[in-house]
Student: 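One structure coming up, written as structure tokens, with questions to follow.
In the text below, chain A, chain B and the rest are named by the order of the sequence lines, each starting its count at 1.
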There are 2 protein chains.
Amino acid sequence: MGQFVGPVAYGPGAAAILVHMAENSTRTAYTVDSLLAVTVGVFNERGYDGTSMEDLSRAAGISKSSIYHHVRGKEELLKLAVGRALDALFGILAEPEALDGRSVDRLEHVVRRTTEVLLAELPYVTLLLRVRGNTATEQWALERRRDFDHQVAELLRAAVAAGELRADVEPRLATRLLFGMINSIVEWYRPGSKHTDGVAEAVVHLAFDGLRA
Amino acid sequence: MGQFVGPVAYGPGAAAILVHMAENSTRTAYTVDSLLAVTVGVFNERGYDGTSMEDLSRAAGISKSSIYHHVRGKEELLKLAVGRALDALFGILAEPEALDGRSVDRLEHVVRRTTEVLLAELPYVTLLLRVRGNTATEQWALERRRDFDHQVAELLRAAVAAGELRADVEPRLATRLLFGMINSIVEWYRPGSKHTDGVAEAVVHLAFDGLRA
DNA sequence: TCAGCGTAACCGAACGATCGGTCGGGTCAA
DNA sequence: TTGACCCGACCGATCGTTCGGTTACGCTGA
């Protein structure tokens, strides 16, 4: 009698997962993940501090207090969301192509994969890139990001030392500008819109070869 | 008897300007500009929505209600700050070097100048780049930014059409990535710290020639 | 089959704290 | 005296969260 139907669309309540409910049921039920998907969209639109629990309540189509059945508080929602982005990014650094081979190839792999992960987990990475530092969770996220940035910078530095990349721009500066460019994608990328095909390839080309004809 | 001494340091009350006060005066007095300098720092640190008037009051060393002598409200502070950044950026587009000559030279000029303006007006541009859209002022700022971005994209497109820049990356995408890189400077640049010399030159080199040795 | 149970997920009302802003009053230098 | 700049107390609204209660559903045993 019960059946799993999965998410149907994004919108107030629409992202709720119908989990093993009667076929004629009128009640939708959230899981943490489905609630998080709604949450991260609102956080990105209004900012974490600019988002009230009432805003989330409206977006999800459930009462404000119902949210507390799923999570302890607003900050836990933030932690779950940015944690997902961080896990994905650190996962890249653990891939074989990021660990073995010439430094420049590893860097190129990380650049491409970072761009791909950013596109795949856009809402979560977007939120991560916008954290400030007002809460313990935000400070934790910033610390984790610094660790990721450091590891990537070491990779670029090794490629410079091996003579594979230009040495006239300080490696740390180059790293920041390079990843600044990748991260900026969150400010304009919209899945499915024009001009978004081959973004990862464009990033690699611009990064390594520049704009010149 | 009165004398103008100017700002002395950044900190609570310290940014206040001593304006034509008796030599033995113990009273500091804010102007809109000096209050704005404190404000923009706090806005950037905590985010606009994450900043309370109490936060500003503490940073400035005056009572919350005193702020309302200078400005009508919190949003006016935001408008003054982002307005300053916008004026500076649009000023670049009006410079002779941005108007006359080969497209690629004009673009290079705009890239360099944008980077320089960003560094010179760092707190104000930082704030501008972080606006969301929750208030009328933020929506206005976003609209103005879109106009700036559009004009720059036209410049890059003209350079591509003239065969001066690579055509295999869609011009709008290239513009976004390029200015994404420049704008990302606000996330890490600290005046006077290591690795910040020649940032504008580094940006131009990376943008036009890429990372390859 | 169906009544009854347990519980996950939900609700509205209320809480204490904080928010942006107002108001009447004060200080100080020209 | 006047006006720029300031103050503390206070306001109504909103904030994130709690609390006691309700609903809907799946499961089980008679």
Student: Please determine whether salt bridge (Lys or Arg N to Asp or Glu O under 4.0 Å) holds for the pair B:Glu76 and B:Lys79, giving the CA-CA distance in whole Å, both sets of side-chain angles, and the decisive distance to 0.1 Å.
Tutor: CA-CA 5 Å; B:Glu76 183 168 331; B:Lys79 185 160 190 179; over 6 Å; no
Student: Send over the distance from B:His69 NE2 to D:dC6 C1', rounded to a whole Å.
Tutor: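 Distance, rounded to whole Å: 9 Å.
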Student: Rounded to whole angstroms, how far apart are CG on A:Asn134 and P on C:dC19?
Tutor: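 Rounded to the whole Å, the gap is 11 Å.
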Student: Please determine which of A:Arg113, A:Arg106, A:Arg112 meets the salt bridge (Lys or Arg N to Asp or Glu O under 4.0 Å) test together with A:Glu95.
Tutor: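 Among the candidates, only A:Arg113 passes.
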Student: Are A:Ser65 and A:Ser63 close enough that a side-chain donor and a side-chain acceptor fall under 3.5 Å?
Tutor: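 Yes.
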Student: Starting at CD1 of B:Ile62 and ending at P of C:dT27, how long is that distance when rounded to a whole Å?
Tutor: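 Computing the B:Ile62:CD1 to C:dT27:P distance gives 18 Å.
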Student: Would you give a per-nucleotide map of nucleotides 10-18 of chain D, 5' to 3', where B means the base has a protein non-hydrogen atom under 4.0 Å away, S means only the sugar-phosphate does, and - means neither?
Tutor: -----SBBB
Student: Would you kindly say whether B:Glu187 and B:Ser184 are connected by a side-chain donor-acceptor distance under 3.5 Å?
Tutor: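 The answer is no; no qualifying pair exists.
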Student: Is any side-chain N or O of A:Ser66 closer than 4.0 Å to OP1 or OP2 of C:dC10?
Tutor: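 A:Ser66 to C:dC10 OP1/OP2: no side-chain N or O under 4.0 Å.
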Student: I'd like to know if B:Arg146 and B:Asp149 make a salt bridge, using a cut-off of under 4.0 Å between side-chain N and carboxylate O.
Tutor: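 Salt bridge between B:Arg146 and B:Asp149, a charged N being under 4.0 Å from a carboxylate O: no.
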Student: Any side-chain N or O of B:His70 below 4.0 angstrom from OP1/OP2 of D:dC6?
Tutor: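 Looking at the OP1 and OP2 atoms of D:dC6, one of them is under 4.0 Å from a side-chain N or O of B:His70.
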Student: Please determine if A:Arg144 and A:Asp87 form a salt bridge, counting it only when a charged side-chain N lies under 4.0 Å from a carboxylate O.
Tutor: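 Salt bridge flag = yes for A:Asp87 with A:Arg144.
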Student: In whole Å, what is the span from the CD1 atom of A:Ile67 to the P atom of D:dC19?
Tutor: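 Taking atom P of D:dC19 as the reference, CD1 of A:Ile67 is at 18 Å.
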